[in-house]
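Computed from heavy atoms alone, side chains included, the values below leave out hydrogens, waters and symmetry copies.
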Amino acid sequence: YKVRDIKTNYSGPDRGETFLTTYDKWQLLPSVGLSLSYRPFWKVVLHAEAFYSHGFVAHSRLEFEYTDLEVEQPTAEFIGNGTSFTYAFGLGFRLWE
């Protein structure tokens, strides 16, 4: 199901077009995460988090048609399905126990 299209023209010696198609779909994302924290001294806390989710259903499609130095390049295509890996590191201060 096609929701919308976005078309952008670039200026300059190299020209290209971008097409975005989104799909009206939903899915349950299986995911797993890990959170670690360490208090080296007093109220200072170091923490790290990692999170992974795995998607199965495409929800967006992004295509690039472009030329490089007047030579037409093959169409680049990216399909978004919800699969991602994120991580974070932090330094905190504990206000109370």
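- Taking both residues in full, the closest heavy atoms of S60 and L20 are given as CB-CD1, 4.5 Å, listed atom of the first, atom of the second, then distance.
- K25 approaches A58 most closely through the heavy-atom pair CD-O, 3.7 Å.
- Not a single donor-acceptor pair under 3.5 Å links the side chain of K43 to the backbone N or O of W96.
- Put simply, the side chain of E65 reaches to within 4.5 Å of the side chain of F19, judged on heavy atoms.
- Qualifying ring pair (Phe, Tyr, Trp, His ring centres under 6.0 Å) partners for Y38, counting only residues two or more places apart in sequence or in other chains: none.
- In terms of the ring pair (Phe, Tyr, Trp, His ring centres under 6.0 Å) criterion, W26 has no residue partners (sequence neighbours excluded).
- Put simply, the side chain of S31 reaches to within 4.5 Å of the side chain of F51, judged on heavy atoms.
- E72 meets the side chain to side chain donor-acceptor pair (under 3.5 Å) test with no other residue; sequence neighbours excluded.
- Note: F64 and F78 have perpendicular aromatic rings, judged against thresholds of 30 and 60 degrees for the angle between ring planes.
- With sequence neighbours excluded, the residues that form a ring pair (Phe, Tyr, Trp, His ring centres under 6.0 Å) with F56 are H54.
- At distances below 3.5 Å, at least one donor-acceptor pair connects side-chain atoms of Q27 with backbone N or O atoms of V57.
- Applying the side-chain hydrogen bond (donor to acceptor under 3.5 Å, both in side chains) test to every pair with at least one member in residues 84-93, sequence neighbours left out, gives these pairs: S53-S84.
- Listed by chain and number, the hydrophobic cluster partners of L34 are L36, where partners are ILVMFWY side chains within reach of under 4.5 Å, directly or through others.
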